[in-house]
Amino acid sequence: MIGAGSTDLPVLKPFRLKAASRSSALPLTAQHGVVIAGALVISVSIGDAQAGPGAPSILDTLLKWTPLLAKGFALNIAMSVLAMAIGTALGVALGLGLISLARLVRASSWLVTQFFRNAPWLVLLFYCVLLMPFEVRIGSVIVPLPGWAKATAALALPVMANVAELVRGAVQSIPSGQWEASEALAFTRMQTLWLVILPQCVKRMTPPWMNLYAIVVVGTPLASIVGVSEAMTLTGDVLSSEGRTELLVPMYLYLLTWFFIYCYPIARASVAVERRFAVR
Amino acid sequence: MTDLQPLWDWFRELYATTGIKLTIFYDAFDRARFFNGFLTSVRLMSLCIVASVAIGIVGAWAQGSRLRLFRAVTAGYIQFFRNTPPLVQLYFFYFALGSYLRTTNATGIEVPLVSNFTWAAIGLSLYAGAFNVEIFRAGVEAVPKETAEAAEALGYSRLGAYLHVTLPLAFRISLPALNNNLVNLVKTTTIAYAIAVPEMLYVANQIWSDELNVTEMMNVLLLIYVALIGVVVFVMGRWERAMRIPGYMP
């Protein structure tokens, strides 16, 4: 690690990103709501001003389509939750592979993790949607695979790789004294992992895991590109059926607001959890 | 191009014998458009990397500003771009804002003032920039106050201490997080596909629609992206090591 001619005298002490310092960058809470509402109101009134005489008001139009958008948004949430659940289950297994003692297991897990971490989500999405069959036959049962299921599978793959990295990082961050103490108490490696190490890892993994969830949620509209009718697709449908250019800005802002309202509390909560668990 | 002809012929032979249809190698038209798509992707990536880092530096400065308005605007910008889908942001820029920025050309046809490539560059830079602001701010905060004070005691001006002492240290502390974000940015450039920017994914889609070689093109795409990101990771890793602060172990 030490290059030629450099010293190892401490110039700067190691620094840990403090949870508290992260949150200090978010001084706004209720104000955010005011700003969003303000932006929506302004865009709605600008849109109203542009609308021709006799056209229904923008606000009415937004409200008219809200139930449909809500249905689409529910699909976004369902996809994100499912992808997160599948990805986490697979990712924990893959993460344990990353710290396996068997060299072959370790190397192959590393390869899989790197591959899925580095592949763009949209390319994975195309890959799964275009190359997975539209139905699978298990014995005599035919299980149909609709577009959203394939998209969920595609989202679960990068989640898996990221969770695997989280698991590996968390396990390595546990002081080696914990391993040595369990060994002294005659725990097997399996027991040490499940009873001593992993329970401590859960705490460390929770904040980045929540961040990952928020990233998955904002990733779900990608499914609209491959034809899943989630909130983004439906917004496009609504806009083309209304055919009013003055509706464009309010409608997209409206959709952005839905996502913001869902994701922002998660971001806040992850900061709070991080701060709480930071106390040792 | 003539000296590569045997290679192209080999790929044609490959198709004839195995059915692996890589038209991007032996078909001159597909080769040219795929190469252009590749160049567009690389151009978009480089542009966004530079712009988002610039946004990050300016934003970090604005967040440390004494003016409350500056801080509030930056915080709003960060939260908005971090907590909404980049794809919807891009649609918002291209379709919603783009619908206002139109002009009529000489032939009387309405054309957009800002091209889709430019919108993609703007949208993606703003998206990645929001993360970079936080990253740089954390880096600046990580430099102990005493370091800047010591510099001032040695006769540096406040700005001088910031430029010559705090910033270089802060930048080095920020590098690992910055690397992650830039890798993410490179991956996210694929969403420019949605507004028909002729980048690699878009061109690949055209090719597999024409040639019906979805599997081959998907695999080529995956490999190229993984390789491109590998290059970014490698270069940034080398840089990170070269810029390492002696004795600093995070």
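Sequence lines set the chain letters: A, B, ... in the order given, protein chains first and strands last, and positions in each chain run from 1.
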Peer 1: Drop me the distance from B:Leu222's CG to A:Asn118's CG, to the nearest 0.5 angstrom.
Peer 2: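 Reported to 0.5 Å precision, the distance equals 11.0 Å.
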Peer 1: Can you see which heavy atom on B:Met218 is nearest to which on A:Val123, and at what distance?
Peer 2: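 What the structure gives for the nearest pair is CE-O, 3.6 Å.
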Peer 1: Testing the basics here: between B:Val88 and A:Leu255, what is the closest heavy-atom pair and its distance to 0.1 Å?
Peer 2: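 The answer is CG1-CD2, 3.7 Å.
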Peer 1: Measuring heavy-atom distances to chain A, does B:Leu87 have an atom under 4.5 Å in its side chain, in its backbone, in both, or in neither?
Peer 2: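 The side chain, not the backbone.
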Peer 1: Who wins among A:Leu239, A:Thr235, A:Leu253 for the most heavy-atom pairs under 4.5 Å with chain B?
Peer 2: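 Greatest number of close heavy-atom pairs with chain B: A:Leu253.
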Peer 1: Rounded to the nearest 0.5 Å, how far apart are CZ of A:Phe259 and CD of B:Gln89?
Peer 2: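 Taking CZ in A:Phe259 and CD in B:Gln89, the distance rounds to 11.0 Å.
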Peer 1: If I measure from the heavy atoms of chain B, does A:Thr220 come under 4.5 Å with its side chain, its backbone, both, or neither?
Peer 2: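 When you check distances to chain B, no heavy atom of A:Thr220 falls under 4.5 Å.
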Peer 1: Need one label for B:Asn205: side chain, backbone, both or neither, based on atoms under 4.5 Å from any heavy atom in chain A.
Peer 2: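 Looking at B:Asn205, just its side chain touches chain A.
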Peer 1: Look up atom OG1 in B:Thr84 and atom OH in A:Tyr264, then write down how far apart they are to the nearest 0.5 Å.
Peer 2: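 Between atom OG1 of B:Thr84 and atom OH of A:Tyr264 there are 13.0 Å.
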Peer 1: What closest approach, in Å, do B:Val214 and A:Leu130 show between heavy atoms, and which atom pair accounts for it?
Peer 2: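 B:Val214 and A:Leu130 have their closest heavy atoms at CG1-CD1, 3.8 Å.
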Peer 1: State the CD-SG distance between B:Gln79 and A:Cys263, to the nearest 0.5 angstrom.
Peer 2: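 So the CD of B:Gln79 and the SG of A:Cys263 are separated by 11.0 Å.
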Peer 1: Relative to the ring of B:Phe95, is the ring of A:Tyr252 parallel (under 30°), tilted (30 to 60°) or perpendicular (over 60°)?
Peer 2: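 Ring orientation of A:Tyr252 relative to B:Phe95: parallel.
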Peer 1: Evaluate the side-chain proximity of B:Phe92 to A:Leu248: yes if any heavy-atom separation is below 4.5 Å, no if none is.
Peer 2: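 Side chain of A:Leu248 against side chain of B:Phe92, heavy atoms only: no contact under 4.5 Å found.
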Peer 1: Non-hydrogen atoms of chain B under 4.5 Å away: do they reach the side chain of A:Phe115, the backbone, both or neither?
Peer 2: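 When you check distances to chain B, atoms from both the backbone and side chain of A:Phe115 fall under 4.5 Å.
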Peer 1: Would you sort out whether A:Leu256 and B:Phe80 count as a side chain to side chain contact (heavy atoms under 4.5 Å, CB included), showing the intermediate values?
Peer 2: CA-CA 9 Å; A:Leu256 284 168; B:Phe80 180 78; 3.5 Å; yes
Peer 1: With a sphere of 6.0 Å drawn around CH2 of B:Trp208, does it hold more than 12 non-hydrogen atoms of other residues, nucleotides or ligands?
Peer 2: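 It does: B:Trp208 CH2 has more than 12 such atoms within range.
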Peer 1: Please give me the minimum heavy-atom distance between B:Pro85 and A:Val218, naming the atom from each residue.
Peer 2: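 Shortest heavy-atom separation between B:Pro85 and A:Val218 comes out as CB-O, 3.2 Å.
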Peer 1: Would you say that more than 12 heavy atoms from the other residues, nucleotides or ligands in this model lie under 6.0 Å from the CH2 of A:Trp209, or not?
Peer 2: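 Check fails, neighbour count at 12 or below.
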Peer 1: Going from CZ on B:Arg82 to CG on A:Asn211, what distance comes out if it is rounded to the nearest 0.5 angstrom?
Peer 2: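 The CG atom of A:Asn211 is 7.0 Å from CZ of B:Arg82, to the nearest 0.5 Å.
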Peer 1: Given heavy-atom pairs under 4.5 angstrom as the criterion, report whether the side chain, backbone, both or neither of A:Ala214 touches chain B.
Peer 2: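 Contact with chain B: none, neither part.
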Peer 1: Quick check for you: among B:Thr215, B:Asn184, B:Val183, B:Val186, which has the greatest number of heavy-atom pairs under 4.5 Å with chain A?
Peer 2: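 Most heavy-atom pairs under 4.5 Å with chain A: B:Thr215.
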Peer 1: So for atom OH, which belongs to B:Tyr156, do other residues, nucleotides or ligands contribute more than 12 heavy atoms lying within a distance under 6.0 Å?
Peer 2: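 No, because the 6.0 Å sphere around OH of B:Tyr156 holds 12 heavy atoms or fewer from other groups.
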Peer 1: Is any side-chain heavy atom of A:Tyr127 closer than 4.5 Å to a side-chain heavy atom of B:Asn219?
Peer 2: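 Yes; the side chains approach each other to less than 4.5 Å.
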Peer 1: Does CZ belonging to B:Phe81 count more than 12 external heavy atoms closer than 6.0 Å?
Peer 2: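 It does: B:Phe81 CZ has more than 12 such atoms within range.
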Peer 1: If you measure from CG on A:Leu222 to OG1 on B:Thr190, what distance do you get to the nearest 0.5 Å?
Peer 2: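 The CG atom of A:Leu222 sits 7.5 Å away from the OG1 atom of B:Thr190.
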Peer 1: Between A:Leu247 and chain B, which part of the residue has a heavy atom less than 4.5 Å away: side chain, backbone, both or neither?
Peer 2: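 No part of A:Leu247 comes within 4.5 Å of chain B.
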Peer 1: Side-chain contact, heavy-atom cut-off 4.5 Å: A:Ile261 with B:Asn83?
Peer 2: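 Side-chain contact under 4.5 Å: no.
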Peer 1: Search all heavy atoms of A:Ala119 against all heavy atoms of B:Lys187 and return the closest pair with its distance.
Peer 2: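 Answer, listing the atom of A:Ala119 first, then B:Lys187: O-CD, 3.6 Å.
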